[in-house]
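This is a predicted model, so every value here is computed, not measured.
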Amino acid sequence: MNVQLAGSHVNGDAVAPSVYDYVIIGSGFGGSVSAWRLTEKGYSVLVIERGKRWSAESFPKTNWNVFDYLWMPALRCFGPQGLNFFKDIWLLNGSGVGGGSLIYASTHRIPPRRFFRAGEWAGLADWEAELMPHYHTANRMLGTADNPCLWPADHTLKAIADDLGQGHTFETTGVGIYFGERGVTVQDPYFDGDGPTRSGCLHCGGCMVGCRHNAKNTLDKNYLYLAEKYGAEVLPERNVRNIRPLYGAQADGARYEVAYEKITDWTRKGRGRARARNVIVSAGVVGTVELLLKCRDEDKTLPRLSPMLGEHVRSNSEALMGVTARDQHNFAEGVAISSHFWADEVTSVEPCRYPPGSGFMRTLIWPLEGYGDEGTTFVGRLWASLRHLFHRPGDFLHTRLLPRWAERDTVLLIMQTVENKMAFRRGRTLTVGGRKGILTARDPEDPIPACVDAGSDVVKRFAEKVDGVPWVGLNDLLGIPNTAHILGGCAIGADEHTGVVDVQQQVFNYPGLYVADGSVVPTNLGVNPSLTIAAMTERAMSAIPPKSAAPVVEALPYPHSVTIDGKYVGEPQTNGNGNGQGTAERLKRLSPLLLLLLPLLPVLLVFFAFVRSSRKGR
């Protein structure tokens, strides 16, 4: 590989720079792709990741080991799987060195053509022509291969596709997994020996708990592995608290300062800072949007961020549903997602599986009842569910209590290309103990639905064919949608009034600040988004020249609308002494006090009149 190494060396040992060319926040698909491409071009790179490092040996054997599986720092759970319960959506995400790739299903699909022509970014570029070469590059780097085996759930799904007249759309999935001789370890098969050893997939169904057999091509085995090998630094277990621009010329050439804390510390968390010429925010949709909202609205360090920040958040129009067979089946064999088909023009369906013994997710499900006319209200859904529980208690036992759930269960991932959205705000919420965090707001015109009717139909057909119990998430009972693929919130736009970043994914008003993760995806894909995030990041990084050919980094110009202490004042100060504007500002600050004194005005007038008349009488 032709790699331009960065940094200085003393006696052959690398020395960490006092200022990095790029600090990358997060190590998911956006962060890892950025890290390797920038390292490859000779830049010094620091990746800050809030999650822990994981290896094939350290992943939990079962997702019932919640301390090593779930990401819930408040409960001292630092596993790779995040569960987020918001008022308007429940969502899954990932944390750890390698981001969501540690527990994703390794499914790589190119979205349908309507994605490239979506109105949200149409006219800004020929997206299909520009992105397609980067899809191919990402597939090569991620080791995408066609799943070679079909299993009972796949055959059932194919039969349903035929029943719906959609059999021609049924395909095996392309997945980032090494399908060599089962269980046999070989030297790197992807990067001419420059990558780590790999082992042949056992088809054990464990992809979404963490591959314990070194077969899954997670980011720490390709993009991030190569970045670290050639000089990038990775700082795990650090949560970024703030990004502060450094205006004017700095002695070390830095333009931003990134503050972080060690998230796994018990009480007083260790803190640090990193200085950088450029920053790439790749913390996932929730992490990225929350951090930027905090910097804009609370810390006031990035006050000129677009008002579009947090708008147009999407769920990929998903629903996670499934079927638990009543009889003894083995649906746990195979890779996590082995096939897919289109139930109609806008609805994609994939079967998902967990390995034997990994039944934690059953704690979040409930037998499917209450949809249709009765299910339009919470009371209707609850009444229908309770009635079903009384008449068919066995269904409740199969889905919630009886053993061998993972072997008998098939999760059906429903995804759509239809338009619906929501917004993220920042405020106080009970889910984080009353502290400030992400709040959600439903879109009044295009709200995300809790029920996907086309998906519900497929689930019921699947249950009929395997003599199973159809189920939904508890969120459906509450009328709340769920998703494993949250998107948007930092839209690509022509200017700051239509988007947060430009077509190169650089943040408006802040040169050298980029966003590279699912938050820049402009619309619902209807397919798994990891490959698209990687391709979009490949495109963005391709626009950055090698360090040897890069222009001199210019200092951040001091904006007229930001005061000396970094506060945003909205409009430039007027020329001259500015007395008129200063008086107006002082009156504005005093207005609450004046309002409180207003009811006392008649009393004061009477008092002054009395004093004046007394003086005249003398």
Side-chain angles (χ1 to χ4, degrees), residues 60-66 69 105 147-163 170 172-173 175 177 182-183 201-213 215 319-341 349-369 385 388-414 455-474 476:
K61 294 181 180 180
T62 166
N63 58 15
W64 284 109
N65 180 359
V66 294
Y69 178 63
N147 165 46
C149 301
L150 292 179
W151 305 90
D154 303 303
H155 297 304
T156 303
L157 208 65
K158 176 61 166 65
I160 294 172
D162 290 336
D163 293 344
F170 179 88
T172 59
T173 49
V175 289
I177 295 174
R182 295 192 182 193
C201 177
L202 300 180
H203 299 269
C204 68
C207 309
M208 295 193 297
V209 180
C211 179
R212 295 175 51 82
H213 307 291
L320 292 165
M321 311 165 75
V323 174
T324 302
R326 295 183 175 91
D327 298 327
Q328 297 302 312
H329 289 75
N330 188 2
F331 290 129
E333 285 187 297
V335 298
I337 296 178
S338 44
S339 64
H340 68 90
F341 85 101
V349 183
E350 296 174 346
C352 312
R353 53 183 60 85
Y354 284 97
S358 289
F360 173 80
M361 289 301 179
R362 76 189 305 181
T363 62
L364 300 175
I365 70 174
W366 194 264
L368 173 60
E369 279 296 327
S385 296
H388 179 76
L389 174 62
F390 179 77
H391 291 293
R392 301 289 297 271
D395 289 356
F396 177 84
L397 295 176
H398 280 295
T399 55
R400 301 277 300 179
L401 296 174
L402 293 181
R404 301 187 74 250
W405 178 82
E407 292 93 325
R408 296 183 294 114
D409 192 77
T410 298
V411 180
L412 291 173
L413 173 58
I414 316 297
S456 180
D457 177 63
V458 172
V459 169
K460 291 177 179 178
R461 290 172 181 267
F462 197 104
E464 290 173 0
K465 291 183 180 295
V466 302
D467 185 25
V469 182
W471 55 259
V472 294
L474 289 174
D476 292 80

When rounded to the nearest 0.5 Å, the distance separating OG of Ser339 from CG of Leu150 is 6.5 Å

Lys158/Asp162 salt bridge by N-O under 4.0 Å criterion: yes

What heavy-atom pair brings Ile160 and Val458 nearest, and what distance separates the two atoms? CD1-O, 3.9 Å

In Å and rounded to the nearest 0.5 Å, what is the OG1 to CH2 distance from Thr410 to Trp151? 13.5 Å

List the steps and the verdict of side-chain contact (heavy atoms from CB on, under 4.5 Å) for His329 and Thr156. CA-CA 12 Å; His329 289 75; Thr156 303; over 6 Å; no

Counterpart residues, ring pair (Phe, Tyr, Trp, His ring centres under 6.0 Å), relative to Phe462 (two or more places apart): none

Hey, mind stepping through Arg408 and Asp327 against salt bridge (Lys or Arg N to Asp or Glu O under 4.0 Å) and telling me if it holds? CA-CA 8 Å; Arg408 296 183 294 114; Asp327 298 327; over 6 Å; no

Below 30° counts as parallel, above 60° as perpendicular, anything between as tilted: where do the rings of Trp471 and Trp405 land? tilted

Does His398 have any ring pair (Phe, Tyr, Trp, His ring centres under 6.0 Å) partners at least two apart in sequence or in another chain, and if so, which? none

Nearest atoms (heavy-atom pairs only) where Arg182 meets Cys149: NH2-SG, 4.1 Å

Rounded to the nearest 0.5 Å, what's the gap from CG on Leu320 to CG on Leu413? Could you check? 5.5 Å

Atom of Pro470, atom of Val459 and distance for their closest heavy-atom approach: CB-CG1, 3.6 Å

For the residue pair Val472 and Leu368, what are the closest heavy atoms and their distance? CG1-CD1, 3.2 Å

Between Gly357 and Glu407, what is the shortest heavy-atom contact and its length? N-OE1, 4.3 Å

Hey, does Leu412 have a side-chain heavy atom less than 4.5 Å from the side chain of Leu157? yes

Distance in Å, Thr399 OG1 paired with Asp409 CG, rounded so as to fall on 0.5 Å steps: 9.0 Å

Run the side-chain contact (heavy atoms from CB on, under 4.5 Å) test on Asp395 and Arg326 for me, step by step, so that the C-alpha distance in whole Å, both residues' side-chain angles and the decisive distance to 0.1 Å come before the verdict. CA-CA 8 Å; Asp395 289 356; Arg326 295 183 175 91; 2.9 Å; yes

Could you go through Tyr354 and Thr62, starting from their C-alpha distance and side-chain angles, then the distance that decides it, and tell me whether this counts as side-chain contact (heavy atoms from CB on, under 4.5 Å)? CA-CA 9 Å; Tyr354 284 97; Thr62 166; over 6 Å; no

Phe396 and Leu401, any side-chain heavy atoms less than 4.5 Å apart: yes

Identify all side-chain donor-acceptor contacts of residues 201-213 below 3.5 Å with residues at least two apart in sequence or on another chain.
unit_1	atom_1	unit_2	atom_2	d
Arg212	NH1	Phe59	O	2.4

Should Val466 and Phe331 count as side-chain neighbours, where that means a heavy-atom distance under 4.5 Å? yes

What is the minimum heavy-atom distance between Ala406 and Pro355, and which atoms define it? CB-O, 3.2 Å

Side-chain (Arg400) to main-chain (Trp366) donor-acceptor, under 3.5 angstrom: no

side-chain hydrogen bond (donor to acceptor under 3.5 Å, both in side chains) with Ser338: which of Thr173, Thr172, Asp154? Asp154

